[in-house]
Engineer: 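Handing you a structure now.
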Amino acid sequence: MLSEGEFRERVLATGGLRASSWSTREKGSLVLIENPTEETLTGAVFPGIAQITLGPGEIFPWVHDFPLGPSASYLSAYAGLVKCDARLIAAHIRPDPFVGARIFVYGEIGETKNLVLFGGGRGEETKVTFTDAPQILSLAESEIISLPESLADQLFLPDAPQVSLEPTLLGRGWLLWPDGTLEKPGTWPETDSLSGWLWTRITVPAETDARLDGFSGSLWVNGAPAPPQDFPLNSGENYLLIYAEAPLDAPLLIPDGACYLLELTRWKRRPAG
């Protein structure tokens, strides 16, 4: 978007703040607001931000008039982000059969921000107050996913979230399903990053022992570490986390008397900023 837009080095700002912008015709715009001092400043940016407070050296990106969906034009888009006073991480259309888009934002705990969206009708506005856990809010047939600042750089989306029916990973172990269900299935590996871990689920008719055929690496089953060659599966649904030492596509899971070709979910990290 920025490569196609018009850059304005100086946008009218008050209170000692500085502002610049990239603007495009119906493809979204971005205003960068900067506090160039070593003090906390409160000011305004004309014409869209009546008041904003930034800490020393802080830069805030304000996104507005941004199309969501395959259309390159804001006015003909499936949905549109009219304005977002919160810090935006990512946005995408929800996969069929679910309607609307998903917008991921973050902020400090206790902070309240405004969002305005359109989709399926006129624009609608809501206020988001951030807490210490992920929250899901409905707005204009879409979902706002609010994250505390501590989870902002731990958003992992499936390879193609607009078509994938697999979950999004929020932080260490929060699973967000396409239908809007938020789930915390249990303990996950204590690693610096979950990049590279593969995830899958499998449903078996009865409790059984199982093994991964031809696999070398780390395995977690239902929230606990497990040996790849001999681990239990519960009756019903099971979750597997896999970290392979060599490239891995679709391993064979062999419970007693059966064989499953696993479909693995690969997440892509969407860090804040």
Side-chain angles (χ1 to χ4, degrees), residues 1-24 27-66 68 80-92 102-117 125-137 139 144-157 168-172 174 190-195 268-273:
M1 179 191 83
L2 300 183
S3 62
E4 303 175 359
E6 176 187 352
F7 177 67
R8 292 178 60 196
E9 186 175 0
R10 293 185 180 180
V11 174
L12 182 59
T14 66
L17 300 175
R18 295 177 182 171
S20 57
S21 71
W22 279 275
S23 298
T24 68
K27 294 184 180 179
S29 297
L30 174 69
V31 178
L32 290 174
I33 308 161
E34 177 187 7
N35 175 357
T37 74
E38 297 181 356
E39 302 176 353
T40 297
L41 297 179
T42 298
V45 179
F46 182 83
I49 301 179
Q51 180 174 302
I52 185 171
T53 299
L54 297 182
E58 185 178 358
I59 298 176
F60 176 73
W62 184 62
V63 179
H64 64 96
D65 298 333
F66 191 79
L68 300 173
L81 187 55
V82 180
K83 73 171 185 176
C84 178
D85 291 343
R87 289 166 173 82
L88 177 69
I89 309 175
H92 65 80
R102 268 186 173 159
I103 295 89
F104 296 84
V105 295
Y106 77 97
E108 296 180 4
I109 295 174
E111 184 178 46
T112 298
K113 295 294 183 179
N114 281 12
L115 283 91
V116 181
L117 295 177
E125 180 177 8
T126 192
K127 293 184 181 296
V128 178
T129 300
F130 296 94
T131 68
D132 59 357
Q135 300 180 91
I136 305 173
L137 298 89
L139 179 64
I144 307 299
I145 315 300
S146 73
L147 302 177
E149 194 167 9
S150 60
L151 294 183
D153 64 347
Q154 291 295 312
L155 170 64
F156 293 83
L157 299 177
T168 292
L169 178 60
L170 310 175
R172 194 179 301 278
W174 289 96
E190 290 294 333
T191 64
D192 292 336
S193 174
L194 290 174
S195 293
K268 289 186 177 180
R269 185 168 179 261
R270 291 294 185 273

Engineer: What I'd like to find out is whether the side chain of L115 reaches to under 4.5 Å of the side chain of E125, using heavy atoms alone.
Structural biologist: no

Engineer: Should I33 and F60 be marked as a side chain to side chain contact (heavy atoms under 4.5 Å, CB included) after you check the CA-CA gap, both sets of side-chain angles, and the distance that decides it?
Structural biologist: CA-CA 5 Å; I33 308 161; F60 176 73; 4.0 Å; yes

Engineer: Working note: W174 + T168, criterion side chain to side chain contact (heavy atoms under 4.5 Å, CB included); need CA distance, chi angles, decisive distance, verdict.
Structural biologist: CA-CA 8 Å; W174 289 96; T168 292; over 6 Å; no

Engineer: Can you tell me how far CH2 of W62 sits from CG of D85, rounded to the nearest 0.5 angstrom?
Structural biologist: 7.0 Å

Engineer: Search all heavy atoms of L68 against all heavy atoms of A91 and return the closest pair with its distance.
Structural biologist: CD2-CB, 3.5 Å

Engineer: Where do A19 and A13 come nearest, in terms of heavy atoms and distance?
Structural biologist: CB-CB, 4.2 Å

Engineer: To the nearest 0.5 angstrom, please state how far the OH atom of Y106 sits from the CG atom of L151.
Structural biologist: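 With rounding to 0.5 Å, OH (Y106) is 12.0 Å from CG (L151).
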
Engineer: Enumerate, atom names and distances included, each donor-acceptor pair closer than 3.5 Å involving a side-chain atom of residues 39-55, sequence neighbours excluded.
Structural biologist:
{"residue": "T42", "atom": "OG1", "partner": "T53", "partner atom": "OG1", "Å": "2.7"}

Engineer: In Å and rounded to the nearest 0.5 Å, what is the CG to SG distance from D65 to C84?
Structural biologist: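 D65 CG to C84 SG: 12.0 Å, rounded to 0.5 Å.
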
Engineer: Does Q135 use its side chain to pair, donor to acceptor, with the backbone of T129 at less than 3.5 Å?
Structural biologist: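 Judged by distance alone, yes, a pair lies under 3.5 Å.
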
Engineer: Partners of I59 by side chain to side chain contact (heavy atoms under 4.5 Å, CB included), sequence neighbours excluded?
Structural biologist: L32, E34

Engineer: Test side chain to side chain contact (heavy atoms under 4.5 Å, CB included) on F130 and E149 and set out the steps.
Structural biologist: CA-CA 9 Å; F130 296 94; E149 194 167 9; over 6 Å; no

Engineer: How close do P36 and G16 get, heavy atom to heavy atom, and via which atoms?
Structural biologist: CD-O, 3.6 Å

Engineer: Side chain to side chain contact (heavy atoms under 4.5 Å, CB included) between L117 and L81: does it pass, once the steps are laid out?
Structural biologist: CA-CA 5 Å; L117 295 177; L81 187 55; 3.2 Å; yes

Engineer: Mind checking what makes salt bridge (Lys or Arg N to Asp or Glu O under 4.0 Å) contact with K83, not counting sequence neighbours?
Structural biologist: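 For K83 there are no salt bridge (Lys or Arg N to Asp or Glu O under 4.0 Å) partners, ignoring immediate neighbours.
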
Engineer: Does L157 offer a backbone N or O that forms a donor-acceptor pair with the side chain of R269 under 3.5 Å?
Structural biologist: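 Side chain of R269 to backbone of L157: no pair is present.
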
Engineer: Using the rule side-chain contact (heavy atoms from CB on, under 4.5 Å), only one of I145, L137, I144, L147 pairs with V105; which is it?
Structural biologist: I144

Engineer: So, taking the atom named OG in S150 and the one named CD1 in I109, what distance separates them when rounded to the nearest 0.5 Å?
Structural biologist: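 Between S150 OG and I109 CD1, I get 6.0 Å after rounding to 0.5 Å.
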
Engineer: Which heavy atom of T112 sits nearest to which heavy atom of K127, and what is that distance?
Structural biologist: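 Distance-wise, the nearest heavy atoms are CG2-CB, 3.9 Å.
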
Engineer: Work out which heavy atom in S21 is nearest to a heavy atom in V11; give both atom names and the distance.
Structural biologist: OG-CG2, 3.7 Å

Engineer: Ignoring hydrogens, what is the shortest heavy-atom contact between L155 and A90? Give both atom names and the distance.
Structural biologist: CD2-CB, 4.2 Å

Engineer: Measuring only between side-chain heavy atoms, which start at C-beta, is V31 closer than 4.5 Å to W22?
Structural biologist: no

